[in-house]
Amino acid sequence: VPIYEVIATHGTLSPEVKAEIARAITTIHAQETGAPGHFIHVYFPELPGGSLFTAGEQSSTVIVRALVRAGRPDQVREAILKRTSDMLQEVADVSAMETLVTVIDVPPSWAIEAGILLPEPTKEAEDAWFAEVSGR
Amino acid sequence: VPIYEVIATHGTLSPEVKAEIARAITTIHAQETGAPGHFIHVYFPELPGGSLFTAGEQSSTVIVRALVRAGRPDQVREAILKRTSDMLQEVADVSAMETLVTVIDVPPSWAIEAGILLPEPTKEAEDAWFAEVSGR
Amino acid sequence: VPIYEVIATHGTLSPEVKAEIARAITTIHAQETGAPGHFIHVYFPELPGGSLFTAGEQSSTVIVRALVRAGRPDQVREAILKRTSDMLQEVADVSAMETLVTVIDVPPSWAIEAGILLPEPTKEAEDAWFAEVSGR
(Lines give C-alpha, C1' and ligand atoms only; values in the text may rest on other atoms or scores of the structure.)
Protein backbone atom coordinates (compact mmCIF):
# COMPACT_ATOMS: atom_id res chain seq x y z
CA VAL A 1 0.00 0.00 0.00
CA PRO A 2 -0.55 2.48 -1.56
CA ILE A 3 -2.21 0.85 -4.55
CA TYR A 4 -3.04 3.15 -7.47
CA GLU A 5 -5.35 1.72 -10.13
CA VAL A 6 -5.39 3.71 -13.39
CA ILE A 7 -8.47 3.03 -15.49
CA ALA A 8 -8.55 3.98 -19.17
CA THR A 9 -9.87 2.31 -22.27
CA HIS A 10 -7.44 0.49 -24.58
CA GLY A 11 -5.52 2.95 -26.73
CA THR A 12 -5.99 5.97 -24.48
CA LEU A 13 -2.58 5.44 -22.84
CA SER A 14 0.44 4.11 -24.76
CA PRO A 15 2.94 1.83 -22.97
CA GLU A 16 5.31 4.81 -22.69
CA VAL A 17 2.60 7.00 -21.17
CA LYS A 18 1.67 4.24 -18.70
CA ALA A 19 5.27 4.03 -17.54
CA GLU A 20 5.45 7.82 -17.24
CA ILE A 21 2.21 7.97 -15.24
CA ALA A 22 3.48 5.20 -12.94
CA ARG A 23 6.71 7.10 -12.29
CA ALA A 24 4.86 10.39 -11.76
CA ILE A 25 2.37 8.86 -9.29
CA THR A 26 5.23 7.23 -7.41
CA THR A 27 7.05 10.56 -7.17
CA ILE A 28 3.95 12.49 -6.07
CA HIS A 29 2.98 9.94 -3.43
CA ALA A 30 6.53 9.65 -2.07
CA GLN A 31 6.99 13.42 -1.90
CA GLU A 32 3.66 14.12 -0.21
CA THR A 33 3.73 11.24 2.28
CA GLY A 34 7.40 10.43 2.75
CA ALA A 35 6.63 6.78 1.95
CA PRO A 36 9.47 4.77 0.37
CA GLY A 37 8.98 3.94 -3.30
CA HIS A 38 9.26 0.22 -2.80
CA PHE A 39 5.72 0.03 -1.38
CA ILE A 40 4.06 2.23 -4.02
CA HIS A 41 2.18 0.15 -6.57
CA VAL A 42 0.51 1.38 -9.77
CA TYR A 43 -1.43 -0.80 -12.19
CA PHE A 44 -3.46 -0.46 -15.37
CA PRO A 45 -6.20 -3.08 -15.89
CA GLU A 46 -6.98 -3.94 -19.51
CA LEU A 47 -10.19 -2.35 -20.82
CA PRO A 48 -10.98 -3.28 -24.43
CA GLY A 49 -12.49 -0.57 -26.65
CA GLY A 50 -16.13 -0.05 -25.73
CA SER A 51 -15.61 -0.88 -22.06
CA LEU A 52 -15.66 2.60 -20.50
CA PHE A 53 -18.69 4.83 -20.47
CA THR A 54 -19.41 8.32 -19.16
CA ALA A 55 -23.00 9.58 -19.18
CA GLY A 56 -23.92 6.31 -20.91
CA GLU A 57 -21.61 6.93 -23.90
CA GLN A 58 -18.16 5.55 -24.69
CA SER A 59 -15.57 7.89 -23.27
CA SER A 60 -11.84 8.40 -22.92
CA THR A 61 -11.95 9.48 -19.28
CA VAL A 62 -8.90 8.53 -17.22
CA ILE A 63 -9.81 7.45 -13.70
CA VAL A 64 -7.34 6.94 -10.86
CA ARG A 65 -8.57 5.02 -7.84
CA ALA A 66 -6.09 4.77 -4.99
CA LEU A 67 -6.00 2.97 -1.65
CA VAL A 68 -3.70 4.62 0.89
CA ARG A 69 -3.03 4.17 4.59
CA ALA A 70 -5.42 6.13 6.80
CA GLY A 71 -4.03 8.50 9.41
CA ARG A 72 -2.47 11.35 7.46
CA PRO A 73 -3.56 15.03 7.53
CA ASP A 74 -6.24 16.14 5.05
CA GLN A 75 -3.84 18.39 3.19
CA VAL A 76 -1.68 15.40 2.19
CA ARG A 77 -4.63 13.83 0.39
CA GLU A 78 -5.62 17.15 -1.15
CA ALA A 79 -2.11 17.66 -2.52
CA ILE A 80 -2.05 14.15 -3.98
CA LEU A 81 -5.47 14.68 -5.60
CA LYS A 82 -4.56 18.02 -7.17
CA ARG A 83 -1.10 17.03 -8.34
CA THR A 84 -2.34 13.73 -9.79
CA SER A 85 -5.19 15.44 -11.63
CA ASP A 86 -2.81 18.05 -13.08
CA MET A 87 -0.28 15.38 -14.01
CA LEU A 88 -2.87 13.31 -15.89
CA GLN A 89 -3.92 16.29 -17.98
CA GLU A 90 -0.30 16.88 -18.93
CA VAL A 91 1.05 13.34 -19.35
CA ALA A 92 -2.07 11.62 -20.71
CA ASP A 93 -3.04 14.68 -22.77
CA VAL A 94 -6.67 14.70 -21.63
CA SER A 95 -8.82 17.64 -20.56
CA ALA A 96 -9.66 18.36 -16.91
CA MET A 97 -13.21 17.11 -17.57
CA GLU A 98 -11.75 13.76 -18.62
CA THR A 99 -9.92 13.19 -15.34
CA LEU A 100 -11.17 11.73 -12.09
CA VAL A 101 -8.99 10.84 -9.11
CA THR A 102 -10.10 9.36 -5.80
CA VAL A 103 -7.84 8.52 -2.85
CA ILE A 104 -9.43 6.22 -0.29
CA ASP A 105 -8.22 5.55 3.26
CA VAL A 106 -7.57 2.03 4.49
CA PRO A 107 -6.67 1.43 8.16
CA PRO A 108 -3.09 0.11 8.18
CA SER A 109 -4.08 -3.01 10.13
CA TRP A 110 -6.32 -4.00 7.21
CA ALA A 111 -3.28 -4.75 5.03
CA ILE A 112 -0.22 -6.98 5.07
CA GLU A 113 2.89 -6.43 2.98
CA ALA A 114 6.16 -8.33 2.97
CA GLY A 115 4.32 -10.73 5.27
CA ILE A 116 3.85 -8.26 8.14
CA LEU A 117 0.78 -6.16 9.03
CA LEU A 118 1.30 -2.53 7.98
CA PRO A 119 2.29 0.12 10.55
CA GLU A 120 0.49 3.38 11.27
CA PRO A 121 1.86 6.21 9.10
CA THR A 122 4.08 7.65 11.85
CA LYS A 123 7.88 7.67 11.80
CA GLU A 124 8.17 5.59 14.96
CA ALA A 125 5.77 2.86 13.82
CA GLU A 126 7.31 2.75 10.35
CA ASP A 127 10.85 2.48 11.68
CA ALA A 128 9.84 -0.48 13.84
CA TRP A 129 8.09 -2.07 10.87
CA PHE A 130 11.09 -1.71 8.56
CA ALA A 131 13.35 -3.16 11.25
CA GLU A 132 11.06 -6.18 11.45
CA VAL A 133 10.96 -6.60 7.66
CA SER A 134 14.75 -6.29 7.38
CA GLY A 135 15.31 -8.77 10.18
CA ARG A 136 13.51 -11.53 8.35
CA VAL B 1 -17.81 9.90 -9.19
CA PRO B 2 -19.83 7.69 -9.17
CA ILE B 3 -17.65 4.96 -10.62
CA TYR B 4 -19.41 1.67 -11.40
CA GLU B 5 -17.15 -1.32 -12.13
CA VAL B 6 -18.93 -4.24 -13.77
CA ILE B 7 -17.06 -7.52 -13.38
CA ALA B 8 -17.89 -10.49 -15.59
CA THR B 9 -15.81 -13.09 -17.35
CA HIS B 10 -15.13 -12.73 -21.08
CA GLY B 11 -18.16 -13.78 -23.11
CA THR B 12 -20.73 -13.28 -20.35
CA LEU B 13 -21.64 -9.81 -21.64
CA SER B 14 -21.65 -8.92 -25.34
CA PRO B 15 -20.59 -5.41 -26.44
CA GLU B 16 -24.27 -4.54 -26.94
CA VAL B 17 -25.17 -5.77 -23.47
CA LYS B 18 -22.28 -3.80 -21.96
CA ALA B 19 -23.57 -0.63 -23.60
CA GLU B 20 -27.10 -1.36 -22.40
CA ILE B 21 -25.92 -2.00 -18.83
CA ALA B 22 -23.91 1.24 -18.90
CA ARG B 23 -26.97 3.20 -20.03
CA ALA B 24 -29.21 1.50 -17.46
CA ILE B 25 -26.82 2.14 -14.57
CA THR B 26 -26.51 5.77 -15.65
CA THR B 27 -30.28 6.15 -15.70
CA ILE B 28 -30.80 4.45 -12.33
CA HIS B 29 -28.07 6.47 -10.61
CA ALA B 30 -29.26 9.77 -12.11
CA GLN B 31 -32.89 9.11 -11.18
CA GLU B 32 -32.17 8.04 -7.62
CA THR B 33 -29.58 10.69 -6.78
CA GLY B 34 -30.32 13.58 -9.13
CA ALA B 35 -26.67 13.53 -10.24
CA PRO B 36 -25.99 14.75 -13.79
CA GLY B 37 -25.03 12.02 -16.25
CA HIS B 38 -21.74 13.60 -17.17
CA PHE B 39 -20.13 12.47 -13.92
CA ILE B 40 -21.46 8.90 -13.99
CA HIS B 41 -18.78 6.45 -15.12
CA VAL B 42 -19.23 2.74 -15.87
CA TYR B 43 -16.43 0.39 -16.90
CA PHE B 44 -15.93 -3.30 -17.64
CA PRO B 45 -12.42 -4.65 -16.96
CA GLU B 46 -11.30 -7.51 -19.19
CA LEU B 47 -11.43 -10.94 -17.50
CA PRO B 48 -10.25 -13.79 -19.74
CA GLY B 49 -12.12 -17.10 -19.47
CA GLY B 50 -11.10 -18.87 -16.28
CA SER B 51 -10.57 -15.64 -14.34
CA LEU B 52 -13.72 -15.53 -12.20
CA PHE B 53 -14.52 -18.07 -9.52
CA THR B 54 -17.41 -18.55 -7.11
CA ALA B 55 -17.10 -21.18 -4.38
CA GLY B 56 -13.74 -22.07 -5.94
CA GLU B 57 -15.24 -22.98 -9.33
CA GLN B 58 -15.39 -20.98 -12.58
CA SER B 59 -18.59 -18.99 -12.63
CA SER B 60 -20.58 -16.52 -14.69
CA THR B 61 -21.52 -14.26 -11.79
CA VAL B 62 -21.91 -10.59 -12.68
CA ILE B 63 -20.55 -8.31 -9.95
CA VAL B 64 -21.10 -4.56 -9.79
CA ARG B 65 -18.85 -2.60 -7.45
CA ALA B 66 -19.64 1.10 -7.21
CA LEU B 67 -18.04 4.07 -5.49
CA VAL B 68 -20.49 6.89 -4.77
CA ARG B 69 -20.36 10.11 -2.79
CA ALA B 70 -21.20 9.66 0.89
CA GLY B 71 -23.93 11.76 2.45
CA ARG B 72 -27.17 10.52 0.93
CA PRO B 73 -30.07 8.84 2.79
CA ASP B 74 -29.99 5.04 3.16
CA GLN B 75 -33.04 4.58 0.96
CA VAL B 76 -31.16 6.06 -2.04
CA ARG B 77 -28.52 3.33 -1.80
CA GLU B 78 -31.14 0.66 -1.23
CA ALA B 79 -33.05 1.75 -4.34
CA ILE B 80 -29.86 1.71 -6.42
CA LEU B 81 -28.95 -1.76 -5.12
CA LYS B 82 -32.35 -3.27 -5.82
CA ARG B 83 -32.87 -1.66 -9.22
CA THR B 84 -29.34 -2.56 -10.36
CA SER B 85 -29.75 -6.17 -9.24
CA ASP B 86 -33.09 -6.45 -11.04
CA MET B 87 -31.68 -4.78 -14.15
CA LEU B 88 -28.74 -7.18 -14.34
CA GLN B 89 -31.01 -10.20 -14.21
CA GLU B 90 -33.03 -8.78 -17.07
CA VAL B 91 -30.35 -7.23 -19.30
CA ALA B 92 -27.50 -9.70 -18.69
CA ASP B 93 -29.89 -12.65 -18.54
CA VAL B 94 -28.44 -14.13 -15.35
CA SER B 95 -30.24 -15.54 -12.32
CA ALA B 96 -30.56 -13.63 -9.04
CA MET B 97 -27.98 -15.98 -7.53
CA GLU B 98 -25.50 -14.87 -10.20
CA THR B 99 -25.74 -11.17 -9.32
CA LEU B 100 -23.90 -9.20 -6.68
CA VAL B 101 -23.99 -5.43 -6.33
CA THR B 102 -22.18 -3.31 -3.76
CA VAL B 103 -22.36 0.48 -3.47
CA ILE B 104 -19.61 1.98 -1.33
CA ASP B 105 -19.51 5.49 0.12
CA VAL B 106 -16.57 7.79 -0.48
CA PRO B 107 -16.39 11.17 1.28
CA PRO B 108 -16.65 13.83 -1.47
CA SER B 109 -13.40 15.49 -0.38
CA TRP B 110 -11.56 12.25 -1.19
CA ALA B 111 -12.12 12.80 -4.93
CA ILE B 112 -11.31 15.39 -7.58
CA GLU B 113 -13.09 15.66 -10.92
CA ALA B 114 -12.69 18.27 -13.66
CA GLY B 115 -9.74 19.45 -11.55
CA ILE B 116 -11.83 20.53 -8.53
CA LEU B 117 -12.49 18.64 -5.27
CA LEU B 118 -16.01 17.18 -5.27
CA PRO B 119 -18.86 18.91 -3.39
CA GLU B 120 -21.09 17.37 -0.74
CA PRO B 121 -24.24 15.87 -2.31
CA THR B 122 -26.46 18.86 -1.49
CA LYS B 123 -28.02 21.20 -4.05
CA GLU B 124 -26.25 24.26 -2.66
CA ALA B 125 -22.79 22.71 -2.64
CA GLU B 126 -23.29 21.18 -6.09
CA ASP B 127 -24.51 24.47 -7.62
CA ALA B 128 -21.40 26.23 -6.31
CA TRP B 129 -19.22 23.42 -7.64
CA PHE B 130 -20.75 23.53 -11.13
CA ALA B 131 -20.36 27.32 -11.22
CA GLU B 132 -16.66 26.88 -10.44
CA VAL B 133 -16.24 24.18 -13.10
CA SER B 134 -18.06 26.27 -15.71
CA GLY B 135 -16.01 29.33 -14.88
CA ARG B 136 -12.75 27.64 -15.76
CA VAL C 1 -19.53 -10.76 -0.85
CA PRO C 2 -16.71 -11.41 -0.14
CA ILE C 3 -15.08 -10.31 -3.38
CA TYR C 4 -11.37 -11.06 -3.73
CA GLU C 5 -9.56 -9.32 -6.59
CA VAL C 6 -6.15 -10.79 -7.41
CA ILE C 7 -3.92 -8.41 -9.35
CA ALA C 8 -0.86 -9.69 -11.19
CA THR C 9 0.67 -8.93 -14.54
CA HIS C 10 0.07 -11.30 -17.46
CA GLY C 11 2.26 -14.38 -17.17
CA THR C 12 2.85 -14.15 -13.42
CA LEU C 13 0.05 -16.62 -12.69
CA SER C 14 -0.75 -19.56 -14.97
CA PRO C 15 -4.39 -20.68 -15.39
CA GLU C 16 -3.67 -23.60 -13.05
CA VAL C 17 -2.19 -21.32 -10.42
CA LYS C 18 -5.18 -18.96 -10.71
CA ALA C 19 -7.54 -21.85 -10.06
CA GLU C 20 -5.43 -22.99 -7.12
CA ILE C 21 -5.34 -19.48 -5.63
CA ALA C 22 -9.12 -19.20 -6.04
CA ARG C 23 -9.66 -22.48 -4.21
CA ALA C 24 -7.18 -21.57 -1.48
CA ILE C 25 -8.76 -18.14 -0.87
CA THR C 26 -12.19 -19.75 -0.76
CA THR C 27 -11.00 -22.28 1.81
CA ILE C 28 -9.24 -19.68 3.98
CA HIS C 29 -12.21 -17.30 3.97
CA ALA C 30 -14.73 -20.06 4.68
CA GLN C 31 -12.65 -21.49 7.53
CA GLU C 32 -11.97 -18.17 9.20
CA THR C 33 -15.47 -16.68 8.85
CA GLY C 34 -17.79 -19.66 8.56
CA ALA C 35 -19.24 -18.15 5.37
CA PRO C 36 -20.61 -20.65 2.83
CA GLY C 37 -18.51 -21.04 -0.30
CA HIS C 38 -21.31 -20.08 -2.65
CA PHE C 39 -20.92 -16.40 -1.80
CA ILE C 40 -17.13 -16.27 -2.03
CA HIS C 41 -15.97 -14.70 -5.29
CA VAL C 42 -12.40 -14.46 -6.61
CA TYR C 43 -11.40 -12.78 -9.85
CA PHE C 44 -8.24 -11.97 -11.78
CA PRO C 45 -8.44 -8.89 -14.04
CA GLU C 46 -6.26 -8.98 -17.15
CA LEU C 47 -3.10 -6.88 -16.92
CA PRO C 48 -0.97 -6.95 -20.06
CA GLY C 49 2.82 -6.99 -19.62
CA GLY C 50 4.03 -3.55 -18.61
CA SER C 51 0.85 -2.71 -16.67
CA LEU C 52 2.02 -3.19 -13.09
CA PHE C 53 4.67 -1.06 -11.43
CA THR C 54 6.29 -0.99 -8.01
CA ALA C 55 8.55 1.92 -7.10
CA GLY C 56 7.99 3.17 -10.66
CA GLU C 57 9.44 0.02 -12.28
CA GLN C 58 7.69 -2.97 -13.83
CA SER C 59 7.16 -5.59 -11.17
CA SER C 60 5.74 -9.03 -10.56
CA THR C 61 4.05 -8.17 -7.27
CA VAL C 62 0.85 -10.09 -6.55
CA ILE C 63 -1.79 -7.91 -4.90
CA VAL C 64 -4.99 -9.20 -3.32
CA ARG C 65 -7.69 -6.64 -2.62
CA ALA C 66 -10.75 -8.01 -0.84
CA LEU C 67 -14.11 -6.59 0.16
CA VAL C 68 -15.70 -8.42 3.10
CA ARG C 69 -18.69 -7.82 5.34
CA ALA C 70 -17.95 -5.55 8.29
CA GLY C 71 -18.76 -6.74 11.80
CA ARG C 72 -16.31 -9.53 12.50
CA PRO C 73 -13.61 -9.56 15.23
CA ASP C 74 -10.17 -8.15 14.31
CA GLN C 75 -8.50 -11.53 14.67
CA VAL C 76 -10.60 -12.94 11.80
CA ARG C 77 -9.19 -10.34 9.42
CA GLU C 78 -5.68 -10.83 10.76
CA ALA C 79 -5.89 -14.56 10.19
CA ILE C 80 -7.15 -14.05 6.63
CA LEU C 81 -4.37 -11.55 5.91
CA LYS C 82 -1.59 -13.78 7.23
CA ARG C 83 -2.83 -17.01 5.70
CA THR C 84 -3.46 -15.37 2.32
CA SER C 85 0.00 -13.79 2.30
CA ASP C 86 1.63 -17.12 3.18
CA MET C 87 -0.46 -18.95 0.61
CA LEU C 88 0.53 -16.55 -2.19
CA GLN C 89 4.22 -17.05 -1.48
CA GLU C 90 3.74 -20.79 -1.71
CA VAL C 91 1.24 -21.14 -4.56
CA ALA C 92 2.33 -18.21 -6.74
CA ASP C 93 6.00 -18.78 -5.93
CA VAL C 94 6.75 -15.13 -5.13
CA SER C 95 8.77 -13.70 -2.25
CA ALA C 96 7.15 -12.07 0.79
CA MET C 97 8.23 -8.68 -0.56
CA GLU C 98 6.23 -9.36 -3.72
CA THR C 99 2.95 -9.92 -1.89
CA LEU C 100 0.40 -7.41 -0.69
CA VAL C 101 -3.02 -8.28 0.72
CA THR C 102 -5.70 -5.87 1.93
CA VAL C 103 -9.09 -6.83 3.35
CA ILE C 104 -11.58 -3.98 3.46
CA ASP C 105 -14.84 -3.87 5.42
CA VAL C 106 -18.14 -3.10 3.74
CA PRO C 107 -21.30 -2.67 5.83
CA PRO C 108 -23.61 -5.58 4.88
CA SER C 109 -26.46 -3.21 3.96
CA TRP C 110 -24.25 -1.73 1.24
CA ALA C 111 -24.51 -4.93 -0.81
CA ILE C 112 -27.19 -7.08 -2.41
CA GLU C 113 -26.73 -10.70 -3.45
CA ALA C 114 -29.26 -13.15 -4.83
CA GLY C 115 -31.55 -10.11 -4.99
CA ILE C 116 -31.67 -9.54 -1.21
CA LEU C 117 -29.69 -7.07 0.92
CA LEU C 118 -26.93 -8.88 2.82
CA PRO C 119 -27.34 -9.79 6.50
CA GLU C 120 -25.04 -8.84 9.36
CA PRO C 121 -22.37 -11.54 9.92
CA THR C 122 -24.20 -13.19 12.84
CA LYS C 123 -25.68 -16.68 12.79
CA GLU C 124 -29.21 -15.43 13.49
CA ALA C 125 -29.22 -12.81 10.73
CA GLU C 126 -27.60 -15.19 8.25
CA ASP C 127 -30.09 -17.97 8.95
CA ALA C 128 -32.99 -15.59 8.32
CA TRP C 129 -31.32 -14.39 5.13
CA PHE C 130 -30.79 -17.91 3.77
CA ALA C 131 -34.37 -18.79 4.58
CA GLU C 132 -35.48 -15.79 2.53
CA VAL C 133 -33.18 -16.68 -0.40
CA SER C 134 -34.35 -20.32 -0.35
CA GLY C 135 -37.98 -19.30 -0.23
CA ARG C 136 -37.75 -17.43 -3.49
Side-chain angles (χ1 to χ4, degrees), chain B residues 2 5-12 28 43-68 70 72-90 92 94-106, chain C residues 1-8 10-11 13-30 35-48 51 65-70 104-118 130 132-136:
Chain B
E5 180 181 6
V6 184
I7 299 154
T9 201
H10 190 87
T12 306
I28 292 169
Y43 74 99
F44 302 75
E46 174 69 6
L47 269 66
S51 299
L52 175 60
F53 299 82
T54 299
E57 303 289 334
Q58 290 188 32
S59 83
S60 50
T61 304
V62 179
I63 299 171
V64 174
R65 183 167 59 168
L67 297 178
V68 303
R72 298 196 182 96
D74 286 345
Q75 53 271 43
V76 170
R77 185 194 331 268
E78 195 172 323
I80 292 173
L81 288 171
K82 290 192 171 169
R83 290 182 64 185
T84 304
S85 172
D86 289 347
M87 178 275 294
L88 286 178
Q89 295 170 53
E90 195 179 306
V94 290
S95 70
M97 284 295 284
E98 293 170 310
T99 64
L100 165 53
V101 183
T102 182
V103 170
I104 296 170
D105 278 356
V106 177
Chain C
V1 178
I3 306 166
Y4 283 81
E5 179 182 5
V6 184
I7 299 155
H10 191 88
L13 308 175
S14 70
E16 292 73 27
V17 167
K18 286 183 184 177
E20 193 174 344
I21 290 173
R23 285 192 299 268
I25 286 175
T26 303
T27 299
I28 292 169
H29 188 91
H38 194 87
F39 300 97
I40 305 174
H41 308 282
V42 182
Y43 74 99
F44 301 76
E46 173 70 7
L47 269 66
S51 298
R65 182 167 59 169
L67 297 178
V68 302
R69 277 184 295 161
I104 295 170
D105 277 357
V106 177
S109 65
W110 292 11
I112 191 167
E113 195 155 4
I116 307 179
L117 292 184
L118 289 191
F130 284 118
E132 193 178 348
V133 168
S134 308
R136 290 226 156 168

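Every chain is numbered from 1 and lettered A, B, ... according to where its sequence line falls, protein lines coming before strand lines.
- Contacts of Asp105(B) with chain C are made by both backbone and side-chain atoms, with heavy-atom separations under 4.5 Å.
- Qualifying salt bridge (Lys or Arg N to Asp or Glu O under 4.0 Å) partners for Arg83(B), counting only residues two or more places apart in sequence or in other chains: Glu32(B).
- The part of Leu67(C) that comes within reach of chain B is its side chain, from C-beta onward, which places non-hydrogen atoms under 4.5 angstrom from that chain.
- Using modelled atom types, one finds no donor on one side chain facing an acceptor on the other under 3.5 Å when comparing Glu46(C) with Ser51(B).
- Taking Gln58(B), Arg65(B), Lys82(B), Gln89(B) one by one and counting their heavy-atom pairs under 4.5 Å with chain C, the maximum is reached by Arg65(B).
- Of the atoms belonging to Glu98(B), not a single heavy atom falls under 4.5 Å from chain C.
- Ala30(C) does not touch chain B: none of its heavy atoms, backbone or side chain, sits under 4.5 Å away.
- When the heavy atoms of residues 106-114 of chain C are compared with those of chain B, the residues falling under 4.5 Å are Val106(C), Ser109(C), Trp110(C), Ala111(C), Ile112(C), Glu113(C), Ala114(C), listed by number.
- Thr54(B) touches chain C through backbone and side chain together, each having a heavy atom under 4.5 Å away.
- The parts of Ile104(B) that come within reach of chain C are both its backbone and its side chain, each placing non-hydrogen atoms under 4.5 angstrom from that chain.
- With a 4.5 Å cut-off on non-hydrogen atoms, Val133(C) touches chain B through its side chain but not through its backbone.
- With a 4.5 angstrom heavy-atom cutoff, Ile3(C) touches chain B only via side-chain atoms.
- Proximity to chain C (any heavy atom under 4.5 Å) is shown, for Leu81(B), by both the backbone and the side chain.
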